[in-house]
Amino acid sequence: MTNSSSRNNSKPLSIGLVGLGKIAIDQHIPAINANPHLELVAGCSPHARPEGVRAYKSMTEMLQAHPEIEAVAICTPPQVRHAIAKEAIDAGKHVFLEKPPAATLGEAEAIRRLAEARGISLLASWHSRFAPAVEATRDWIAQRSLRSVQIVWKENVRQWHPGQTWIFAPGGMGVFDPGINSLSILTRILSDTVFVQKADLHIPVNCDAPIQVGMDMMTDTGVSVRADYDFLQENEQTWSIFVESTKAEKLALHMGGTRLEIDGKLVLQEKETEYPGLYAHFAELVRNGKSDADFSPLRIVADAFLVGKRIVAPEYIE
Ligand code: NAP
């Protein structure tokens, strides 16, 4: 078993990637390769065979061939994540979960319990929390009382998720797949608990998950939070959060958290470096024998499905 208490922290953490799709190729492989404390040993995916990665058909095969792997990063669609995480934890591997941590809250909690029982490190990652302007937004909010928060998260599914049929299948979450990123920022910048009051879930007649969502939320101190998610956005893509204080001061977090404006003035704009930050965090968790598994963004999505009204939307054809 790989255990932080027994591992030699001077050698790089050896990692196996599970699921070699878009996010693994765009972000995980470069972030691991750029971090001297990490080593990418191998990957697995039923079909994908990206260049430069020793790839196996399944995690079982990968772990058999490479018992030296100490940690796995699970970058599959959410529907299969629980079974894979369970197998990895049973094998004593530390686990980095892509967002969302699982298809259901129950699965996510089961993974957390298994990790605790086995004494391995678990990271339920929320990459958007590592966007450069998120902590400055949190600090700004901490010094004020708020009137309202508004989330506008609108992107073109055909542009960003071509061929990803799992997104509209049960457990794929539809437009909440990107929308949960905004909720991961929301639950980081607000210290209050957020409740869903009302949600309109527009579900294409041929799909099982929403393509557009309008959602009203409230914090336990009475701040209203509105979220609008749209997967059919053409032209300009929008990933913004607007915050207004009770003194009418206005903060705007744009481009998924890379650009911050206060009262209309630009105060921060930086390149996105989310995955290097996430992997540095994961390496530190393993080094210190700790876990980070906050499921509050997933709870909000689950609550939206609990109280949401289903509205039939036109057929979606990619
Ligand atoms: P994707 O391009 O569809 O890739 C998913 C990969 O998982 C596919 O290559 C697929 O295999 C593989 N897979 C499916 N079942 C598997 C299994 N049982 N064992 C091993 N591999 C399996 O999706 P993605 O965009 O990378 O998204 C994956 C996750 O990352 C999602 O939860 C998503 O929310 C999250 N994420 C995505 C983005 C993004 O911009 N795309 C950003 C942040 C987070 P084959 O192709 O080999 O059949």
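Note that ligands are numbered from 1 as they come in the structure, with each ligand's atoms numbered from 1 the same way.
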Within the protein, flag every N or O under 3.5 Å from an N or O of ligand 1, and note the pair and distance.
residue, atom, partner, partner atom, Å
ligand 1, 2 (O), K22, N, 2.9
ligand 1, 2 (O), Q164, NE2, 3.0
ligand 1, 3 (O), W166, NE1, 2.9
ligand 1, 9 (O), G21, N, 3.3
ligand 1, 9 (O), S45, OG, 3.4
ligand 1, 11 (O), S45, OG, 3.1
ligand 1, 23 (O), Q164, NE2, 3.3
ligand 1, 25 (O), Q164, NE2, 2.9
ligand 1, 26 (O), K22, N, 3.2
ligand 1, 26 (O), I23, N, 2.8
ligand 1, 32 (O), R81, NH2, 2.7
ligand 1, 32 (O), K99, O, 2.9
ligand 1, 34 (O), K99, O, 3.2
ligand 1, 34 (O), K99, NZ, 2.9
ligand 1, 34 (O), D177, OD1, 2.6
ligand 1, 47 (O), S45, OG, 2.8
ligand 1, 47 (O), P46, N, 3.3
ligand 1, 47 (O), H47, N, 2.6
ligand 1, 47 (O), A48, N, 2.7
ligand 1, 48 (O), H47, ND1, 2.7

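- With sequence neighbours left out, the side chain to side chain contact (heavy atoms under 4.5 Å, CB included) criterion links A142 to no other residue.
- With sequence neighbours excluded, the residues that form a side chain to side chain contact (heavy atoms under 4.5 Å, CB included) with E261 are A252, H254, R259, L266.
- Side-chain atoms of H82 and E107 form no donor-acceptor pair, as typed in the model, at a separation below 3.5 Å.
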Please output the side-chain donor-acceptor pairs of residues 162-170 that fall under 3.5 Å, not counting sequence neighbours, one pair per line with the distance.
residue, atom, partner, partner atom, Å
Q164, OE1, H161, ND1, 2.9

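- The aromatic ring centres of H28 and Y279 sit less than 6.0 Å apart.
- Classification of K99 and D177 as a salt-bridged pair holds, one side-chain N sitting under 4.0 Å from a carboxylate O.
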